[in-house]
Amino acid sequence: MAGRIMADWSKLPYDIIHKVATYLMAVEDFLAFSAVCRSWRSVYVAKQWHQSPQLAFCRPGYSSWKTVKDISRTGYIDVTHVKDQIFALCGLGSLVVIDIDSLAVTDINGPKAPEHVALSLPLWHWEQLILVESSGDLWMVYQNRTSIRSRSSVESTEFYVYTFDFSKKRWIRLSSLGNHAIFVGDNCSMSIRAPDRFNCKSNSIYFIGKRMEQRWPCGEVHVDLGVHSITNGISEPLCFGPGIPKHYSFPLWVTPTF
Amino acid sequence: MIPLPLIDGRTLARVITYLNKHTEDDASDEAKRKFDEEFLYGMEVGVLYDAALAANYLDIGGLFHEVCQRIADGMMNKSVEWVRKTFHIESEFTSEEEVQIKKEYAWAWEGVDSNAD
């Protein structure tokens, strides 16, 4: 009987290496994995580009949607409007203005999204960037939903909020949201001034997130509702009592008209 | 008789055991989960390797996921050196590359398990 060849883990097929890496939820584990050897390093190099969404625009009277040109060729992360101007964040972090009539795209010509210990574009699959208009200002919310080893094994959510300084053309980190609360969700984000009108706390971020079930059987998506306090950096779940459907339906934030 | 040249007999036997359990009509989800836990628990590194390759080659989704999850679980909170030692991997990085990688992610090397060197 022929002798068993010693298992060579560095020569595993790439799809197995990448599959194993997707089960590492802590960013330190992911980075350690990618530092083990050259072939495992490919998971870092192949940092996931989310299906870079494209942008399209439509108005009543148009016969079809008009696509906005992807000038950076990296797709668009998010779009919002501030004071009658449409702003969009490109896949590699540059900020652009889009003219509503011609759909011409112009780069704001500032530096890319700020450097942060875990923020380098393109984003990891546990990170998210959202643009929000807030009382005439342009804000950007960074969300990081990975578990960190040094904290408990429970998944934690970090939030950082930035405001765009139009004169200096750069993003500036906000240490407080003042008398605002931000509501982020899937496809719907807003900032509300004086949130206590709605029994919400100021200087907080209310979030609706999706959590993909990573363990077999995969694919189950859970809704994650919570509120993050900028004051103490702690996130708490939002409970609505029994009966709220937790699978396959995602609540949206809406503002009452009163 | 179908020859499968890429899988040895022992691994194939394990795969068949897994499939038999998972296709049992009267096995509840609970029973299957319990079986998976015991089946994969204590699998040696070499066995996991063979199982991963076999499940991938034979395209058995459930087993592939379980094995990859098990491999990933074993690496949680472990240092790069520990992984290299346990999985018998030689890093082919040059010493300059090592220094560069360590510098970039120094913060990620803190707070690792004490048995992880």
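Here is the naming used below: chain letters follow the sequence lines, and residue numbers restart at 1 for every chain.
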Testing the basics here: between [X] and [Y], what is the closest heavy-atom pair and its distance to 0.1 Å?
| X | Y | answer |
| --- | --- | --- |
| B:Ala72 | A:Val20 | CB-O, 3.7 Å |
| A:Cys37 | B:Ser91 | CB-CA, 4.5 Å |
| A:Tyr23 | B:Cys68 | CE1-CB, 3.6 Å |
| A:Asp29 | B:Asn77 | OD1-N, 2.8 Å |
| B:Leu53 | A:Pro13 | CD2-CD, 3.6 Å |

Atom pair [atom1]/[atom2] of [X] and [Y] - distance to nearest 0.5 Å:
| X | Y | atom1 | atom2 | answer |
| --- | --- | --- | --- | --- |
| A:Asp15 | B:Phe64 | CG | CZ | 5.5 Å |
| A:Leu12 | B:Tyr49 | CG | OH | 5.0 Å |
| A:Leu31 | B:Ile101 | CG | CD1 | 10.5 Å |
| A:Ser10 | B:Arg84 | OG | CZ | 11.0 Å |
| A:Lys19 | B:Asn56 | NZ | CG | 10.0 Å |
| B:Thr86 | A:Trp9 | OG1 | CH2 | 10.5 Å |

>> Would A:Arg38 and B:Glu97 count as a side chain to side chain contact (heavy atoms under 4.5 Å, CB included) here? Give the steps.
In response: CA-CA 10 Å; A:Arg38 257 188 231 288; B:Glu97 285 171 321; 3.1 Å; yes
>> Quick check on B:Glu90 against chain A: is it the side chain, the backbone, both or neither that has a heavy atom closer than 4.5 Å?
In response: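 For B:Glu90, the backbone is the part near chain A, not the side chain.
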> Considering only heavy atoms, which portion of B:Val45 lies under 4.5 Å from any heavy atom of chain A: side chain, backbone, both, or neither?
Replying inline: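 Contact with chain A involves both backbone and side-chain atoms of B:Val45.
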>> Within the structure provided, determine whether B:Phe87 and A:Val36 are in side-chain contact (heavy-atom separation under 4.5 Å).
In response: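 No, every pair of side-chain atoms sits at 4.5 Å or beyond.
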> Counting only heavy atoms not in B:Asp29, do more than 12 fall under 6.0 Å of its CG?
Replying inline: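 Check fails, neighbour count at 12 or below.
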